Each structure stands twice: as C-alpha cells, then as structure tokens.
Amino acid sequence: MANDLVLDTAIRDWVLVPLSLVMVLIGVLRHFVSKLLRSTNTPDLKAVKEGQLVVRARYLRAAGNFIPAKAFKSRRSYYNNEENGLLHVPKSQAQNMQAQMFSDPNMAMDMMKKNLSMIIPQTLTFAWVNFFFSGFVAAKIPFPLTQRFRSMLQNGIDLSSVDVSYVSSRSWYFLNLFGLRGFFSLILGEENATDDTQKMMQMGGQMGGFGVDPSKTLTAEKDGLELIQHDWALPKLEQQAESVLRQILSR
C-alpha cells in the first residue's frame, strides 16, 4: 500500500500550499502585533547596577590568580565585607520578587500580553486546521524514516500500513509551527516575536519563580567569591616562559 500511494495534486494546491502560506502570514502578523502591544519600560537603575556588580565579581573570580594575593584579598573584602560590602545584602533589604510581581501592574500586564499573543493565534489556527484539513496525507519526506517518527509525522491518521515518510496535514501544521523559526529569523531578524519556544521558557520561568531574586544572585556570587583560594599564576608563567626559551635556545 505504501508503494501504491499517490498524492493528489489538488491536496498540494488546496491543503499543503495554503496551510504553509497561512502559517507564514500568521507569524508575520503576530510579530507586528506583538511589537504594537509591547510596552517600553525604562530600565531600573538599581537592577542595572546589581547586574554590572555581579559581572565584575565574576571577572574577579575568573582572573583573580593573575594579581597578587594582597590585591585579590583587598578586592574580595571590597565585595564581601559584612558591614559595607557591595555583595552583602542585609536580610531587611532582601526583596520578595513575588510580592513585587503582584504589586507591579505593568509586569503582570506584559506577561498577559505575551501569553495572549502566543496562545490565541495557536488555538485559532489549530482549530482551523483541525476542522478543514484534518485527515489529509499532505506530503512525503524524500528519505526513509524509522517507526519512531510515525506519531510525529502522521498525527490524525490511524493507518499503520502507511509508510512513515508520509506526512499528514495536522503534522504539517506542527512542523511549520516549530520549523519556521529560522525563516522568521531571516525575514524578521533574530529578535522576532514569533519564537514560541523562547516564550514558553520565559513564561515558565516567570510562573515558576516570578523572576530572579537579585538578593539571591548577590548572595550566591558572594559565597562563590569567598570560596576562591588564591594561587598566584605569575611564578608558574615565569617557569613556563623559561622552559620555552630553553627549548628554543637548545635547537
């Protein structure tokens, strides 16, 4: 049956091509609608300073062995001092990001806009595909596949005798939904609003922890800097340079 299966050209003209065009147009429309709904929030000066502080502390942890021990200890004390250290966060000043989430209406509104711009078009498009195009064999993959791909490529077709390389119309919708990211990045730019995978990750992070608590980030960086054992790299570099020069002169 797999060898005798012939795809109708009308399915290509009235199912495969319209479905692909509609998915591309919906993606472009979502991009521009998301740009219109996007609110321009001014960056928080305190959050920017804390982010730059964490970056500087990480540089110190990564390259601390290239400065003398006295200089490293003075810099670590500048960051980790319990009285006025930059990375020391008193318990009274620790922020509760969940409370900030509920108290800031703009943050909740931005989350709702992102969710609506992702869920509503997907729901309407899937209902349209499921109503008009369900049950069609729309395309054929030009190379053989294993049976593990059957559930992914033949969604909506309950025939085990059909070769795995044939793609149903409903599966073609999902392939376009997650496979057009590179195409949208090419025509709309890297920072486009059609990447549903990135939106799901952002939504999951926001719903799971309501953002990242800056006090925890500073405390973690402080603990990591405190555990660093200084080992000055200059003597080792001198020995390595001396060995390299001896090898060059001995030739």
Side-chain angles (χ1 to χ4, degrees), residues 7 11-44 47-48 51-52 54-55 58 106-130 132-134 136-146 148-156 164-212 217:
L7 298 181
I11 296 179
R12 178 197 61 192
D13 298 336
W14 296 100
V15 177
L16 187 66
V17 175
L19 184 57
S20 302
L21 290 177
V22 168
M23 293 297 296
V24 172
L25 293 177
I26 288 178
V28 175
L29 182 62
R30 283 178 53 195
H31 170 72
F32 289 106
V33 170
S34 299
K35 288 182 65 175
L36 291 176
L37 296 177
R38 186 181 303 167
S39 58
T40 57
N41 296 326
T42 57
D44 188 7
V48 174
Q52 294 297 321
V54 170
V55 172
R58 289 176 180 173
N106 294 327
M107 189 180 299
M109 184 63 67
D110 290 340
M111 181 186 295
M112 185 179 67
K113 289 179 181 178
K114 291 180 180 179
N115 296 341
L116 291 178
S117 65
M118 179 183 66
I119 295 174
I120 292 179
Q122 287 186 5
T123 304
L124 295 178
T125 308
F126 180 74
W128 173 70
V129 172
N130 194 34
F132 289 101
F133 303 123
S134 180
F136 289 99
V137 178
K140 185 180 187 298
I141 304 297
F143 47 84
L145 297 172
T146 60
R148 295 183 178 179
F149 291 90
R150 182 177 295 277
S151 60
M152 181 179 68
L153 297 179
Q154 295 183 0
N155 193 324
V164 185
S165 57
Y166 288 95
V167 183
S168 65
S169 56
R170 191 185 297 178
S171 296
W172 185 254
Y173 160 75
F174 288 109
L175 291 176
N176 280 273
L177 181 64
F178 296 104
L180 289 175
R181 295 170 55 189
F183 178 74
F184 287 134
S185 299
L186 182 63
I187 64 174
L188 299 176
E190 293 292 337
E191 299 294 332
N192 61 81
T194 61
D195 194 347
D196 293 329
T197 305
Q198 184 178 3
K199 285 187 177 182
M200 289 178 184
M201 294 176 62
Q202 293 176 355
M203 185 175 62
Q206 291 174 351
M207 295 300 293
F210 292 98
V212 180
T217 305

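Index from 1, following the sequence. Since the model is a prediction, treat every value here as computed from it, not as a measurement.
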Heavy-atom side-chain contact between [X] and [Y] under 4.5 Å:
X	Y	value
L177	Q122	yes
L180	V24	yes
V129	V22	no

Atom pair [atom1] ([X]) and [atom2] ([Y]), whose distance is rounded to the nearest 0.5 Å:
X	Y	atom1	atom2	result
R170	L19	CZ	CG	12.0 Å
F133	W14	CZ	CH2	10.0 Å
L175	M23	CG	CE	10.0 Å
L145	Y166	CG	OH	12.5 Å
L16	L21	CG	CG	9.5 Å
S169	Q154	OG	CD	11.5 Å

Search all heavy atoms of [X] against all heavy atoms of [Y] and return the closest pair with its distance.
X	Y	value
P121	T125	O-OG1, 2.6 Å
T146	V164	O-CG1, 3.2 Å
W172	S20	NE1-OG, 2.9 Å

Decide if atom CH2 of W128 counts as having more than 12 heavy atoms of other residues, nucleotides or ligands within a radius under 6.0 Å.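 Atom CH2 in W128 is packed in, count exceeds 12.
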Using a cut-off of 6.0 Å, state whether more than 12 heavy atoms not belonging to F183 lie near its atom CZ.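 No, CZ of F183 has 12 or fewer neighbouring heavy atoms, counting only those of other groups under 6.0 Å.
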For F136, what residues pass the ring pair (Phe, Tyr, Trp, His ring centres under 6.0 Å) criterion, not counting sequence neighbours?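 Checked F136 against ring pair (Phe, Tyr, Trp, His ring centres under 6.0 Å); zero matches.
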My understanding is that only residues two or more places apart in sequence, or in another chain, count here; which of them pass ring pair (Phe, Tyr, Trp, His ring centres under 6.0 Å) with F149?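 By the ring pair (Phe, Tyr, Trp, His ring centres under 6.0 Å) rule, F149 matches no residue at all.
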Give a yes or no on whether the backbone of N155 and the side-chain of S168 come within a donor-acceptor separation of less than 3.5 Å.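 Side chain of S168 to backbone of N155, a donor-acceptor pair under 3.5 Å: yes, one is there.
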Sidechain-backbone polar pair: S171 side chain, M152 backbone, donor-acceptor under 3.5 Å: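 Present.
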